[in-house]
Asks: 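This is the structure I want to talk about, given as structure tokens.
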Amino acid sequence: MDAGLLVLRLVAGLLIAGHGVQKVSFRLGGHGLAGGTEEFRHDGFRGGRLTAVVAGGSQIGAGLCLAAGLLTPLAAMAAMGVMTVAGTVKRPKGLWVQNDGYEYPLVLVVVSAALALTGPGRWSLDDALGVTPWPLWVALAVIVIGPVSGLLTRLVLHREPATPERKPHAQTAD
């Protein structure tokens with residue numbers, strides 16, 4: 001079981017971290033911070049550069065902590081939050097990834113929830129530090145708070161699309 005949890009943590013965690021690296025740099029096929037900023041603006045988010053930095057940083061931190069099995073419940077909560085936001089962006093395109101749907105973010109949310117419930121296993125920093133097992137109530141709180149925080153983030157940062165009756169506000173430099 002510990003080997004399976006290690007593989008799951010490494011693959012999911014490093015993919016989440018890599019996704020964050022793409023938001024803020026030219027590495028791993030990213031378009032730099034300017035590209036990440038434009039992606040968020042295109043997807044209807046306020047904040048531009050700050051939003052890209054926070055989202056990218058959250059993905060990098062959560063992903064690396066998941067991969068290492070460090071503070072697993074908090075890492076899972078952060079990963080579920082940012083991937084829930086990604087899912088809301090892709091939701092109008094349906095489930096399947098070939099249509100740019102929300103399949104991939106959903107899988108990462110579920111994997112993060114599963115890791116919150118199972119714990120990171122013996123081959124983790126949490127175990128080495130003696131902070132496992134986490135109580136069940138912690139995992140359940142994480143599974144609720146993570147996605148809810150993503151939905152609240154979407155609600156707060158999403159801007160209304162410009163319509164002919166409404167003129168868009170002038171954008172300020174970030």
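The residues of the chain are indexed from 1 along the displayed sequence.
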Asks: Measure the spacing between OG1 of Thr118 and CG of Leu8 and express it to the nearest 0.5 Å.
Replies: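 So the OG1 of Thr118 and the CG of Leu8 are separated by 7.5 Å.
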Asks: So how far is it from Asp43 CG to Leu157 CG, rounded to the nearest 0.5 Å?
Replies: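 If I round to the nearest 0.5 Å, the distance is 12.0 Å.
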Asks: So which atom in Val142 and which in Ala116 form the shortest heavy-atom distance, rounded to 0.1 Å?
Replies: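 For Val142 versus Ala116, the nearest heavy atoms are CG1-CB, 3.9 Å.
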Asks: Give, for atom CZ of Arg46 and atom CZ of Arg159, the distance between the pair rounded to the nearest 0.5 Å.
Replies: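 Spacing of CZ (Arg46) from CZ (Arg159) equals 8.5 Å.
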Asks: Is a side-chain N or O of Arg41 found less than 3.5 angstrom from the main chain of Gly36, in a donor-acceptor match?
Replies: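 Checked: no pair found.
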Asks: Can you tell me how far CG of Leu117 sits from CD1 of Ile143, rounded to the nearest 0.5 angstrom?
Replies: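 Rounded to the nearest 0.5 Å, the CD1-CG separation comes out at 3.5 Å.
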Asks: Any donor-acceptor pair under 3.5 Å linking the side chain of Ser124 with the backbone of Pro120?
Replies: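 Not confirmed, Ser124 side chain does not pair with Pro120 backbone.
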Asks: The test is salt bridge (charged side-chain N to carboxylate O under 4.0 Å, His left out); show your working for Arg122 and Asp2 and say whether it passes.
Replies: CA-CA 6 Å; Arg122 285 185 304 145; Asp2 293 311; 2.5 Å; yes
Asks: Let's go through Thr84 and Thr153 carefully: what are the C-alpha distance in whole Å and the side-chain angles of both, what is the deciding distance for side-chain contact (heavy atoms from CB on, under 4.5 Å) to 0.1 Å, and is it a yes or a no?
Replies: CA-CA 10 Å; Thr84 296; Thr153 298; over 6 Å; no
Asks: In Å, rounded to the nearest 0.5 Å, how long is the span from CD1 of Ile16 to CE of Met80?
Replies: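 Spacing of CD1 (Ile16) from CE (Met80) equals 10.0 Å.
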Asks: Is there a continuous path of hydrophobic side-chain contacts, each under 4.5 Å between heavy atoms, that joins Val82 to Val107?
Replies: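 As far as the 4.5 Å side-chain criterion goes, Val107 and Val82 are connected within one cluster.
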Asks: Ignoring hydrogens and angles, state whether a donor on the side chain of Asp126 or Thr72 is under 3.5 Å from an acceptor on the partner side chain.
Replies: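 Note: Asp126 and Thr72 side chains meet the donor-acceptor criterion.
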Asks: Between Leu15 and Met77, is there shared hydrophobic-cluster membership here, with clusters defined by ILVMFWY side-chain heavy atoms closer than 4.5 Å?
Replies: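 Yes, because Leu15 and Met77 connect within a single hydrophobic cluster, where side-chain heavy atoms sit under 4.5 Å apart.
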Asks: Between Gln22 (side chain) and Leu28 (backbone), is there a donor-acceptor pair under 3.5 Å?
Replies: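 Yes; judged by distance alone, with no hydrogens or angles, the pair exists.
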Asks: Show the nearest heavy-atom pair for residues Ser149 and Gly81, with the distance to one decimal.
Replies: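 Closest pair (atom of Ser149, atom of Gly81, distance): OG-CA, 3.8 Å.
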Asks: Say you draw a straight line from NE2 of His31 to CZ of Phe26; how long is it, rounded to the nearest 0.5 Å?
Replies: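 Going from NE2 on His31 over to CZ on Phe26, the span is 9.0 Å.
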Asks: Where do Thr88 and Tyr102 land on the side-chain contact (heavy atoms from CB on, under 4.5 Å) test, with the steps shown first?
Replies: CA-CA 8 Å; Thr88 66; Tyr102 63 92; over 6 Å; no
Asks: Are Val109 and Tyr104 connected, step by step, through hydrophobic side chains (Ile, Leu, Val, Met, Phe, Trp, Tyr) whose heavy atoms are closer than 4.5 Å?
Replies: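 In one cluster with Val109: Tyr104, yes.
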Asks: Quick one: are Leu66 and Ser112 in side-chain contact, heavy atoms under 4.5 Å?
Replies: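 Yes. Closest side-chain heavy atoms under 4.5 Å.
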Asks: Working note: Leu95 + Leu106, criterion side-chain contact (heavy atoms from CB on, under 4.5 Å); need CA distance, chi angles, decisive distance, verdict.
Replies: CA-CA 9 Å; Leu95 174 63; Leu106 176 63; 4.2 Å; yes
Asks: Could you tell me whether the side chain of Arg154 and the main chain of Val85 form a donor-acceptor pair under 3.5 Å?
Replies: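 No; judged by distance alone, with no hydrogens or angles, the pair does not exist.
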Asks: Under 3.5 Å, side chain of Gln59 to main-chain N/O of Ala17, donor-acceptor pair present?
Replies: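 No: the side chain of Gln59 does not pair with the backbone of Ala17.
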Asks: Are Val24 and Ile60 side-chain neighbours, meaning at least one heavy-atom pair lies under 4.5 Å?
Replies: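 Val24 vs Ile60: side chains touch.
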Asks: Is there side-chain contact between Leu129 and Leu70, with at least one heavy-atom pair below 4.5 Å?
Replies: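 Touching, per the 4.5 Å side-chain cut-off.
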Asks: Does Trp134 offer a backbone N or O that forms a donor-acceptor pair with the side chain of Thr132 under 3.5 Å?
Replies: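 Such a contact is absent between Thr132 side chain and Trp134 backbone.
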Asks: Any chain of hydrophobic side-chain contacts (each under 4.5 Å) joining Val89 to Leu151?
Replies: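 No: no chain of side-chain contacts under 4.5 Å links Val89 to Leu151.
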Asks: Looking at side-chain heavy atoms only, is the closest gap between Phe40 and Lys23 below 4.5 Å?
Replies: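 Touching, per the 4.5 Å side-chain cut-off.
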Asks: Find out if a path of hydrophobic residues (ILVMFWY) with successive side-chain heavy-atom gaps under 4.5 Å connects Leu10 to Trp123.
Replies: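 Yes; tracing contacts between hydrophobic side chains, which count when under 4.5 Å, links both residues.
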